[in-house]
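Below is one structure, written out as C-alpha cells; comments come after it.
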Amino acid sequence: MRFLTVLPIALPMATAIVCLFLREHARAQRIACAAGATLHLSVAVTLLCRVHAKGIQVVQAGSWPAPHGISFVADLFSAIMVVLTGIIGLAVALYSVRSIDNARVSLGYYPLLQVLLMGVSGAFLTGDIFNMYVWFEVLLISSFVLLSLGGGKAQIEGAIKYVVLNLISSAFFVAAVAVLYGLTGTLNLADLSRVAESRALEGSLTLPAILFMFAFGIKAAIFPLYFWLPASYHTPPPAVAALFAGLLTKVGVYALVRVFTLVFVHDVGVTHGILLVSAMVTMVLGVLGAAAGRDVRRILSFHIISQVGYMVLGLALYTPLALAGTVFYIAHHILVKANLFLVGGLIQRAGGSYDLKRLGGLSSSHPWLAALFLIPALSLAGLPPLSGFYAKLTLLAAGLQSGEYLAVAVALVVGLLTLYSMIKIWQEAFWKPVPADAAAVTPGVTVHRVLPVAALALMTVLIGVCVGPLYALSREAGDQLMDRRAYVIAVLGEGR
Amino acid sequence: MSPLILRTASDLLRPLLLLFSIFLLLRGHQEPGGGFVGGLIAACAYVLHAIAYDVAGARRALSIDPKTLTGTGLAVALSSALLSVTLGKDLMTGVWGKAELPFFGPLELGTPMIFDVGVYLVVMGTVLTVFLELRGD
C-alpha cells in the first residue's frame, strides 16, 4: 500500500470534484465535505501509524527514480502534520455546516476548502522543493478566494493585504529555488541535503538560505515579516479564520523546519542564529500586540505570531530535544488556536460582538461557553495540566540544555503576558456585567458549532492528561529530523 | 449597434479555433503545444462569441456550464493519475496501450494523454467561468 503516502493529497481532490458537481445542492455538499474530511483524517492516521511502524515512506511519482522525478516523502513530522490537517479539516467542515451561509456555499466554498486541504497536505508530503512551491500556490490561491468570498469591505481589505504579502513571499520563494538550483543542479530535498555537504559549495549556500528564510518567514509570520497577519486574519467568518489561524501559518513553519534541518545546516551559527533572534523578538512583539488589543479576534491573531516565535525557537536551538519541542508545540498550537477562533465565533454568536467593550456577562448567561473558552485559553498560556504546559516545558528544557538563558527568560515572560491577555478576554467578555451598549444577540449556537469546539477542547485536555504518547512521538520525530542521513537513504536508496 | 464584421468573423472562427485547439492538444505530446494552451484557445472561441454577441449567447453556444467542464477535467486528470495505482504501480506512472487503426496504422495511447485532456478541460472551464462571470449576464 505505497499509495497510502499520496492518498491524503488525492482524497481532498476527489472530494473537491464531488462538491463541484454538487454545486447546486448546498446540503449534499455539506455532507460530502464532512464525509471527505472524515476519510481524510482516517487515512492520515493510518499513514502516521505506518510511518511509525515501518519508518519513512517514499513514493516516486510516475515511477521516475529520485532525484529525477518528484518524490513524496512521509516521515514522522510530515505524517503528524497531515494528521493535524485532517483534524482541523474535519472540525472546520462540521463548524461550517451551520455557520457558512448558502450564498458562500453556492460560490464554491466547499470545493475551495477541500483544495486548500489538498494543497496543505501536498506541501507536507512532498520531497521536492519546487513541488513544495507548487503546493504553496495551490493552497494560497484557494486561500485568497476563501478569504475574500462573499465578504464586505473589511473582508476585501484584509484579503488584499494577505494576497499582496503572499505574492511577494512567493516571488522570493521561487527566486530562492532558482538560485539553489543554479548552485546545486537538483531540486529533490534529499539530493539537496546530500549535495549541500560537499565542500565546493561552502559559503555560497548562505544566500539561498536567507532567501528561503525570508519567503517562509512571511508565510510563518515571524519578525519582522508578520505585520500582514493581524491585518487580515480577523475579517473572514470564524470557520475560515480558524482554518487559516490553525493551519496556514504552520505550513510556513513546517517549510522552515524542513529546509533548515535537511538542507541548510552548513552554517548553523549564522542561519539558526538569525532565527533565534527573530524568534525571541517575534514572541515579545506578538504578545505585546495581543495585550494591547480590544477585539477578540485581533487578540487571537497577535497570539498566533507570538506562538510562532516559540516554534521557531525550537528550530533555532537545533537540538533533538528542541525539535521535539517544536513538533509538540505545533501539534498543540494547531488544535488550540483553531479552537480559540471557533470559540471566538461562539462568543460573537452569544454576545453579539467581537469587541470586548460591548461584551459582558457571558459566564452567567452561557456557563458552558465559559468552560469551552477557558480550556484552550489556559492551554495557550501554558498552564498545567493542559497541552500547552508540556509544549512550553519541552522547549524551555531544550533552551536550558543549550545554555540559551535569555531565550528561556523571554519565553517565560511571554507565557505570563499570554496569560494576562487571555484573562483580559475572560474578564471583559465573561465576568464583567453586561454593558449598556451591548450588541443585539442573534440566537443560533447550535450543536454543529459546539461539537467541534468541544472535541478540540477534549483533545487539548487529553494531550495534557496522558502526555506520554505524543511526547514520545515528538521525540522520535525530533530525532528523525536531526538524522538527515536516514532521510537521504530512504529517498535515494543506499550507496549515495 | 451590431458589429457585423466581428459576428461574421466569430461564427467562422469558432469551429476553426476549436479544431486548432484539439490539434494543439494532440501535438503537445511530442512537440510544443499541450492541454494548457489548447484549453486557452478553446476558451477563446467562446470568449470571442461572448464579445461579438452576448454572454447569454455564449453560454447557449457552449451548452454546458463551464464549472462542469472544470469538474470533469479534474476528474479526468485524477483518474489518469490513479489508473496506474489500480495496476499496482506508483501514482502517475504512464500506462500505455496500443490500438491498430485502419488506414493510419498502429496508435499508442497512454495516461499522459488522458491527463492532458483533463488539463485542457480544466483550463477551458476555468477561463470561461472567470470571463463569463466578470462580463456579467
Side-chain angles (χ1 to χ4, degrees), chain A residues 1-25 29 32 36 57-66 68-74 105-112 114-115 118 121-122 125-128 131 138 141-142 144-145 149 491, chain B residues 28-29 34-36 39 59 62 64-97 109-134 136-137:
Chain A
M1 263 313 274
R2 299 200 320 173
F3 180 49
L4 185 65
T5 311
V6 283
L7 200 54
I9 306 172
L11 202 63
M13 183 169 173
T15 315
I17 295 171
V18 171
C19 288
L20 201 58
F21 278 113
L22 293 173
R23 63 183 177 281
E24 308 293 336
H25 313 281
Q29 276 195 61
Q57 300 288 307
V58 183
V59 166
Q60 313 289 1
S63 302
W64 297 102
H68 305 295
I70 291 169
S71 313
F72 286 94
V73 187
V105 173
S106 70
L107 288 170
Y109 172 79
Y110 281 112
L112 285 164
Q114 290 293 336
V115 171
M118 171 176 91
S121 308
L125 286 173
T126 186
D128 182 286
N131 195 237
V138 170
I141 286 171
S142 44
F144 292 163
V145 187
L149 198 67
V491 178
Chain B
H29 189 64
F36 195 93
R59 283 193 198 276
L62 189 63
I64 179 171
D65 191 322
K67 285 182 192 142
T68 311
L69 276 181
T70 309
T72 315
L74 283 174
V76 169
L78 182 64
S79 40
S80 85
L82 295 184
L83 187 65
S84 55
V85 175
T86 60
L87 299 174
K89 295 178 186 150
D90 273 347
L91 186 81
M92 293 183 94
T93 306
V95 181
W96 290 89
L109 283 175
T111 44
M113 187 73 233
I114 303 176
F115 187 83
D116 234 13
V117 172
V119 173
Y120 176 95
L121 292 173
V122 171
V123 172
M124 182 179 173
T126 310
V127 169
L128 283 175
T129 307
V130 172
F131 181 82
L132 297 179
E133 286 293 332
L134 285 183
D137 287 282

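Just so it is clear: chains get the letters A, B, ... in the order the sequence lines come, proteins before strands, and each one is counted from 1. Note that the coordinates shown come from a computational prediction; the quantities given were computed from them, not determined experimentally. FYI, side chains are in, hydrogens and waters are out, and symmetry mates aren't considered; it's all heavy atoms of this structure.
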Query raised in the report: Out of curiosity, B:Leu82 CG to A:Leu7 CG, how far, rounded to the nearest 0.5 Å?
Result: 8.5 Å
Query - Approximate separation, where rounding is to 0.5 Å, of A:Leu20 CG and B:Leu74 CG - result: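 Rounded to the nearest 0.5 Å, the CG-CG separation comes to 7.0 Å.
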Report task. Check each atom of A:Ala14 against the heavy atoms of chain B and say whether the ones under 4.5 Å are side chain, backbone, both or neither. Result ->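 It is both, since atoms from each part get that close.
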Requested in this report: Flag yes if more than 12 heavy atoms outside B:Phe36 fall under 6.0 Å of its CZ atom; otherwise flag no.
Outcome: no
Report summary line: Paired with A:Phe3, the side-chain contact (heavy atoms from CB on, under 4.5 Å) test is passed by just one of B:Thr86, B:Asp90, B:Leu91, namely B:Leu91
Query raised in the report: Can you find a heavy atom in the side chain of B:Asp65 that is under 4.5 Å from one in the side chain of A:Arg23?
Result: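 Result yes, sub-4.5 Å side-chain heavy-atom pair found.
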Query raised in the report: Between B:Thr93 and A:Ser63, which heavy-atom pair has the shortest distance, and what is it?
Result: OG1-OG, 2.6 Å
Query raised in the report: Can you say whether B:Ser84 sits under 4.5 Å from chain A via the side chain, the backbone, both, or neither, judging by heavy atoms?
Result: neither
**Report entry** Part of B:Thr111 within contact of chain A (heavy atom distance under 4.5 Å)
**Finding:**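 B:Thr111 has no heavy atom closer than 4.5 Å to chain A.
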